[in-house]
Each structure stands twice: as C-alpha cells, then as structure tokens.
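First the structure, in the form of structure tokens, and then the observations on it.
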Amino acid sequence: MSDMRPIEEVDPQLAELIQREVKRQRDQIHLIASENYVSYATMQASGSVLTNKYSEGYPGRRYYEGCEFIDGVESLAIDRAKRLFGADHANVQALSGSQANMAAYLAVLEPGDKILGMALDQGGHLTHGASVNFSGRIFEFFGYGVDRETEQIDLDEVRRLAHEHRPQMIVAGYSAYSRYIDWAAFREIADEIGAVFLVDAAHIIGLIAGSAHPNPVPHAHIVTATTHKALQGARGGIILCKEEFAKAIDKAVFPVVQGGAINSQIAAKALGLEQASRAEFKTYANQIVRNAKVLAGAMDDEGLRVVSGGTDNHMFLVDLRSIDTELTGKEASQFLDAHGVTLNRNAIPFDPRPPFITSGLRLGTPAVTSAGMMQEQMVLLGKLIVELLRKRIDPYSVNLYTGQVRELAEAFPAYPADFPGYV
Ligand SMILES: *Cc1c(COP(=O)(O)O)cnc(C)c1O
C-alpha cells in the first residue's frame with residue numbers, strides 16, 4: 001500500500017511552506033496579470049492518482065497498456081477544447097505555454113527559419129525570440145512594435161516588415177498589450193507572403209472562452225494558449241489548429257518536444273475547460289474586463305498615465321513617470337508588495353530604463369475578479385495604489401492606506417481561512 005499519511009506528518013517543513021503561501025495568497029491583493037486562483041475541484045484533479053500513469057502517444061494510439069481511462073480523460077479535454085473555441089483540432093499535452101509554442105514552431109518550421117513577432121520590450125513573450133530563450137537560439141526573429149503616439153500596434157508597419165523580411169511565420173498575441181488585436185488583418189498579411197499565422201493566446205484565452213474578447217481560432221492556422229491564466233484552470237498549455245496542421249502539431253508535442261504528458265494536469269485542464277464553458281464563466285470573463293477598465297480609469301483619474309489610454313482586456317500598463325519622474329517600476333512594485341498589493345514591474349513602450357528596473361507596472365484583474373471584487377472595489381483599489389505611491393515617504397499616509405488595502409483583502413479572500421492550501 002502507498003504511504004497514506006498526510007503531508008503534515010510526512011514532510012512538515014514542506015507543509016508549512018504551502019500553508020504560508022496560501023496565507024500570502026489570502027492576505028495580499030493580487031494584480032499579476034498572468035495569475036489566478038483555481039477551484040478546489042481543479043486541485044483535486046491536479047492532485048489525483050492520474051499522475052502515476054504513463055501514456056506516451058495519443059488516445060487510441062498508445063505506447064503503453066492500461067490507458068483506457070487516461071484515453072477517456074484526454075479525449076474529454078480535447079473535445080471540450082475543440083467545442084469551446086470552435087477548433088478543428090486540439091492538443092492538450094503541452095506542459096506549459098512555452099512548450100506549446102516550441103511545439104507549434106517545430107511543427108511547421110525548420111531551424112533557422114524566420115518569424116515575425118512583437119519585440120519583447122514592446123509586449124512580446126520570452127518565447128517570441130528572446131536571445132536567452134530556445135526561440136531566439138533556433139529561429140531568426142524580427143520584431144514589430146507599437147506606434148510611439150498611440151502605443152497600439154501599427155498594422156502598416158507589420159505589413160512593411162512582413163514584406164521586407166518574408167518570414168515563414170507571423171506571431172500575434174502578447175504578454176503586455178491591452179488592446180484588441182485585429183486577427184483578420186494579421187491573417188491577411190500572413191497570406192500576402194505565404195506565412196503561417198500563429199496566435200499566442202496565452203493571456204487572453206480565458207477572455208475568449210467567456211466571449212469577452214474576439215476569437216482568433218477562425219483566423220489563425222495555429223493558436224497556442226495556457227490554461228492557468230485568465231482561464232482559471234490548472235497550469236499547462238494547449239494548442240488549437242486547423243485540420244491540415246493536426247498531425248504535425250501532435251507529432252511536434254510528442255515525441256519532438258516532450259515524452260509522457262502529465263495526466264493529472266490533463267484531467268485538471270479538462271475540468272477547467274468545462275468550467276470555462278458555463279454561463280457563469282461568461283459573466284466572470286466580462287467582469288474581468290470591466291474591472292480592468294474601471295481600475296485603469298480610476299488610476300488615470302488620479303493622474304497616473306495608462307499606456308495607450310486604456311484597456312480592452314484584463315490588463316494594462318501604467319507609466320510611473322507621470323506621477324514621479326524618479327520612481328522606477330522596481331521600486332514601485334517592491335513597495336506595493338510590502339504594503340499588500342502584489343504586481344509586477346514592466347517595461348512600457350520605448351522605456352528608457354533597463355528591463356530589470358523599468359518605468360512601468362503591469363496590472364491585471366483575473367485574480368481579484370475570482371476573489372469577487374467588482375467595480376466599486378476597483379475604484380477604491382486604483383485610488384489606494386496611486387496614493388500609496390505618491391505618499392510613500394509619508395509614514396502616516398502609508399499606514400492609513402495600507403490599513404485600507406488590508407481591509408479590502410480581508411473582505412475578498414482567495415480561499416477560506418481554514419484551507420491549508422492543498423486537498
Ligand atoms: C505566459 C505566456 C506564455 C507561456 O508561459 P508559460 O509560463 O510557459 O506557461 C506564452 N506566451 C505568452 C504571450 C505568455 O504571456
């Protein structure tokens with residue numbers, strides 16, 4: 001028999017760290033745009049005995065015996081993903097969004113091929129060509145950016161770069177961009193040069209699931225995504241594609257990029273996809289966007305400049321120089337974290353400061369919306385954040401505002417007070 005003693009008994013040191021982390025998640029207000037709080041049922045699926053099973057291959061075509069129930073689980077996840085997003089084909093085995101991108105690139109490109117994506121310092125992801133990342137080491141990337149005035153994507157510039165460099169792939173979908181993306185226009189540019197159009201929907205797939213953002217699936221050849229950001233499911237990646245790419249995608253995930261998939265995570269993804277297809281999730285996804293708009297508006301009203309003037313999705317960037325020319329993203333994010341608000345520093349477009357310092361912050365509303373906060377709380381939170389930053393050297397004000405931040409966090413906890421952080 002397996003060791004059935006609880007974690008507190010087997011490894012108290014580890015149990016305590018998890019318990020302290022759940023307390024941190026309860027105590028802080030979380031505005032990291034890529035984070036969320038999963039459901040209890042997701043943790044159950046994620047922590048299940050499915051982790052014991054090897055199942056290399058795909059449902060009905062396995063290299064191992066005993067996969068009849070794993071086949072059922074994976075087929076469920078695949079069918080739910082296809083139905084939810086209207087995709088021809090889905091692969092649910094990618095361990096994360098980065099592996100999904102690696103597989104998608106390797107499915108259709110050769111090493112040395114050219115990819116046109118958004119430059120990192122303008123909102124792109126590591127896997128969009130960073131020199132330290134596999135993407136930058138294997139492929140030749142060309143970066144497009146945003147317009148200096150509007151701070152929004154300049155499609156004429158994308159078209160110009162596409163015709164100049166003739167990449168085999170064009171990537172749209174970002175880590176730090178708050179505006180709708182014109183999927184049809186990107187596809188048109190890709191078609192003009194015969195490139196594959198890949199959408200990296202890691203951040204916005206949850207909004208797409210809840211009909212709170214235009215769906216790229218009808219326009220893109222391939223869509224990669226994560227299941228743990230706004231989608232509110234387990235950690236992991238998925239790939240959606242047109243039928244013509246199905247075989248190449250499956251082969252690229254296994255055996256090119258990965259060995260055995262993590263079946264407990266596939267089960268948890270299946271559950272997340274089911275939860276994301278319900279009517280309540282539409283309400284949730286639309287509330288995420290409404291909250292982001294109200295939070296951005298509240299901060300703007302307090303004099304903190306919002307990049308591109310607002311947001312269409314779950315996140316936005318603010319330019320700290322607008323309230324204090326000396327204040328850096330590093331200082332602001334560390335100060336806020338120490339006073340109850342956790343978020344991340346982020347380069348703003350054309351940021352003169354280095355990426356580890358930055359002049360901006362990135363804020364996102366999936367987690368606070370999961371905790372139940374609405375517009376009223378966003379107005380208060382926006383005001384508190386700007387006041388805290390403005391008055392950060394005045395102990396009386398800092399104390400006052402930190403107390404209000406704490407009250408807000410206490411009123412909207414991520415998990416019940418007696419929840420140890422594991423199931
Ligand atoms: C988060 C993200 C990914 C994937 O990240 P993982 O941490 O590997 O899951 C990929 N692309 C974009 C645009 C992202 O924001």
Side-chain angles (χ1 to χ4, degrees), residues 30-36 38 42 46 81 91-107 115-130 132-136 138-139 141 143-146 153 169-181 183 186 197-209 213 216 220 222-240 249 252-253 257-258 261-262 265-266 268-269 272 288 292 311-317 343-347 355 362-367:
H30 289 274
L31 292 170
I32 293 181
S34 49
E35 291 184 357
N36 211 332
V38 298
T42 294
S46 188
N91 183 302
V92 296
Q93 291 193 3
L95 305 182
S96 77
S98 295
Q99 266 71 52
N101 281 346
M102 185 188 248
Y105 297 162
L106 291 171
I115 304 180
L116 179 63
M118 189 183 264
L120 246 64
D121 58 3
Q122 302 259 313
H125 186 253
L126 267 180
T127 54
H128 302 176
V132 294
N133 184 260
F134 78 87
S135 55
I138 299 180
F139 304 103
F141 272 83
Y144 58 86
V146 296
I153 291 168
M169 178 183 274
I170 297 181
V171 177
Y174 319 104
S175 296
Y177 186 71
S178 65
R179 294 306 190 170
Y180 285 146
I181 305 161
W183 308 126
F186 266 100
F197 177 37
L198 180 137
V199 170
D200 180 348
H203 257 271
I204 50 176
I205 196 77
L207 305 181
I208 294 162
H213 191 287
I222 304 171
V223 175
T224 58
T226 61
T227 42
H228 52 274
K229 297 184 182 176
L231 193 70
Q232 208 190 9
R235 288 201 93 73
I238 55 170
I239 306 176
L240 310 167
I249 287 290
V253 174
V257 171
Q258 296 179 185
I262 304 182
Q265 286 308 95
I266 292 179
K269 286 179 206 176
I288 291 176
T311 178
D312 300 320
N313 58 30
H314 62 298
M315 71 157 107
F316 57 93
L317 303 175
L343 41 64
N344 63 286
R345 74 193 76 157
N346 210 104
R362 185 182 69 162
L363 298 91
T365 51

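Counting starts at 1 for both ligands and their atoms, following the listed order.
A side-chain contact (heavy atoms from CB on, under 4.5 Å) with K269 is found for one member of T226, T227, T42 and no other, namely T227.
Take Y174 and apply the side chain to side chain donor-acceptor pair (under 3.5 Å) test, not counting sequence neighbours, and it matches Y144.
Inter-residue side-chain proximity for L106 and F139 is flagged as met; some heavy-atom pair is nearer than 4.5 Å. By the 4.5 Å heavy-atom criterion applied to side chains, S175 and H128 are not counted as neighbours. Taking the side chain as every heavy atom from C-beta outward, S98 and L126 never approach each other to under 4.5 Å.
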Pairs of nitrogen or oxygen atoms, one from ligand 1 and one from the protein, closer than 3.5 Å: please tabulate them with distances.
from	atom 1	to	atom 2	distance (Å)
ligand 1	8 (O)	S96	OG	3.1
ligand 1	8 (O)	S98	N	2.9
ligand 1	8 (O)	S98	OG	2.7
ligand 1	9 (O)	G97	N	2.9
ligand 1	11 (N)	D200	OD1	3.2
ligand 1	11 (N)	D200	OD2	2.5
ligand 1	15 (O)	S175	OG	2.8
ligand 1	15 (O)	K229	NZ	2.9

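Ring-plane geometry between Y105 and F134 is classed as tilted, the angle between the planes lying from 30 to 60 degrees on a 0 to 90 degree scale.
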